[in-house]
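Along the sequence shown, the residues carry numbers beginning at 1.
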Amino acid sequence: METTPTFEELISSKPYKFTIGPNKREFVMHSALVAAQSRAFGRFVNSGFKEAEEFHTELKSVSEETFVLFSQYAYTGDYELLELNPRPRVDVQEVEAAVRCYDSPLAAEPEPAVDPGWGLEVTGKKRKKKQSVPKYTYSRTDLWKDFTLACAIAVEPPPKRPGAVVDNGNVLLSHAQLYVFANCYGISRLSELSFDRLGKALLEMKVTAELVADIIELLSYCYDEPTPERLRNHLVLYAACMADELWSNIQFKELVTTHGDFAAALLGVMIEGQVR
């Protein structure tokens with residue numbers, strides 16, 4: 001459980017060193033703040049383990065950017081990514097309108113004129129009207145509604161706003177990696193905050209041909225690396241909503257081909273409206 005040390009406890013605590021990523025870059029934080037983040041981080045500082053004795057932990061699989069964002073959150077209560085190349089945004093209501101238009105049934109064909117039979121009464125069964133066949137059993141309107149609701153997470157606002165961390169790559173991936181990190185080490189509020197930021201970024205992002213690559217990179221990360229089921233389910237639902245936009249990309253087709261679990265989950269959502 002996350003706690004907040006007093007300012008005196010913070011500035012009087014010993015420095016704790018982290019070695020991060022494949023380049024073994026070193027970062028230093030106040031040990032009192034480290035221990036306050038979660039039980040897992042508390043054991044780094046207050047236990048009989050080697051990490052607590054040496055006041056040093058190496059996290060090889062964590063990226064430098066993810067750790068900087070975590071540190072920013074630990075010291076300020078929030079994190080902020082500054083995009084060097086801001087992605088085009090779209091009004092969520094415009095997306096919803098487009099999705100509803102996609103699901104609208106085709107206009108019914110007019111009934112053919114019936115030969116009156118030279119004044120004689122025509123008997124027999126009435127011809128049934130043709131039914132329009134939906135493209136998917138579960139409409140994209142329903143899927144988008146489910147995804148929107150899944151993004152509506154109540155996270156308390158931070159006490160203050162920190163300076164932004166410059167993001168040089170895929171901001172969607174940055175949010176996701178931070179969520180995986182926070183979930184792994186039991187930092188509950190940061191976990192919810194990063195999940196919320198990822199959802200809002202997906203909701204507001206205008207899906208262009210250029211940005212499809214970022215979405216596919218995010219999906220690939222989730223299925224190439226061990227990631228929480230909650231994150232996978234969330235992104236499968238989003239991919240189902242944007243299937244037409246994604247399917248034209250050859251890398252997305254390769255992702256579906258190489259990851260059978262992703263393909264099965266995507267098909268389950270598009271047909272039944274639920275993740276398999």
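- The side-chain heavy atoms of L69 and F181, taken from C-beta on, include no pair separated by under 4.5 Å.
- The shortest side-chain heavy-atom distance between F67 and E65 does not fall under the 4.5 Å cut-off.
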Pair D224-H259, side chain to side chain donor-acceptor pair (under 3.5 Å): steps then yes or no:
CA-CA 9 Å; D224 288 337; H259 290 283; 3.0 Å; yes
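- No side-chain heavy atom of L219 sits less than 4.5 Å from a side-chain heavy atom of V236.
- Here the side chains of L246 and L255 are not in contact, with every heavy-atom distance at 4.5 Å or above.
- Not counting sequence neighbours, the partners of S194 by the side chain to side chain contact (heavy atoms under 4.5 Å, CB included) test are Y79, L178, Y179.
- Counting heavy atoms from C-beta on, the side chains of F18 and M29 come closer than 4.5 Å.
- Taking both residues in full, the closest heavy atoms of V180 and P226 are given as CG1-O, 4.3 Å, listed atom of the first, atom of the second, then distance.
- Here the CG-SG distance, from L143 to C241, works out to 5.0 Å after rounding to the nearest 0.5 Å.
- Following chains of ILVMFWY side-chain contacts shorter than 4.5 Å, one cannot reach V45 starting from V28, and the two form parts of different hydrophobic clusters.
- The pair R197-D78 counts as a salt bridge, with a side-chain nitrogen and a carboxylate oxygen less than 4.0 angstrom apart.
- No side-chain donor-acceptor contact under 3.5 Å links T227 to the backbone of Y223.
- Here the straight-line distance linking atom CG of L172 with atom OG of S174 works out to 8.5 Å at 0.5 Å rounding.
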What do the steps show when you test Y221 against L235 for side-chain contact (heavy atoms from CB on, under 4.5 Å), and what is the final call?
CA-CA 11 Å; Y221 163 74; L235 295 177; over 6 Å; no
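- Distance alone, capped at 3.5 Å, places no donor-acceptor pair between the E204 side chain and the A201 backbone.
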Output a table of donor-acceptor pairs, distance under 3.5 Å, between side-chain atoms of residues 47-58 and any protein atom two or more places apart or on a different chain; print 'none' if there are none.
unit_1 : atom_1 : unit_2 : atom_2 : d
S47    : OG     : R43    : O      : 2.5
S47    : OG     : F49    : N      : 3.2
H56    : NE2    : T19    : OG1    : 2.6
T57    : OG1    : Y16    : OH     : 2.5
E58    : OE2    : K24    : NZ     : 2.6

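- Put simply, CG on N183 and CD on E192 are 9.0 Å apart, with the number rounded to the nearest 0.5 Å.
- Considering every non-hydrogen atom in both M205 and L211, the closest pair reads CG-CD1, 3.8 Å.
- In this structure a side-chain-to-backbone donor-acceptor pair under 3.5 Å is present from S13 to A32.
- Using modelled atom types, one finds a donor on one side chain and an acceptor on the other under 3.5 Å when comparing S63 with T66.
- In terms of heavy-atom proximity, A240 sits nearest to V269 at CB-CG1, 3.5 Å.
- To the nearest 0.5 Å, atoms NZ (K253) and OG (S248) are separated by 7.5 Å.
- Interatomic distance, CG of L59 versus CD of E64, reported as 12.0 Å (0.5 Å rounding).
- Of the possible donor and acceptor atoms, none in the side chain of D214 sits under 3.5 Å from a partner among the backbone N and O of N170.
- Minimum interatomic distance between F70 and L190 (heavy atoms only, all atoms of both residues): CD1-CD2, 4.1 Å.
- A cation-pi arrangement is absent between R232 and F262 under the rule of less than 6.0 angstrom and at most 45 degrees off the ring axis.
- Counting heavy atoms from C-beta on, the side chains of Y73 and R189 come closer than 4.5 Å.
- Proximity of a side-chain donor or acceptor of Q72 to a complementary backbone N or O of E80 within less than 3.5 Å is detected.
- Across all their heavy atoms, S191 and A182 have their closest contact at N-CB, 3.5 Å.
- One finds the CG atom of N46 at 8.0 Å from the OG atom of S31 (value rounded to the nearest 0.5 Å).
- Proximity of a side-chain donor or acceptor of Q37 to a complementary backbone N or O of L33 within less than 3.5 Å is detected.
- Counting heavy atoms from C-beta outward, L237 and N233 have side chains that stay 4.5 Å or more apart.
- A distance of 6.0 Å or more separates the ring centres of F195 and H175.
- The nearest pair of heavy atoms linking V256 to A263 is O-CB, 3.5 Å.
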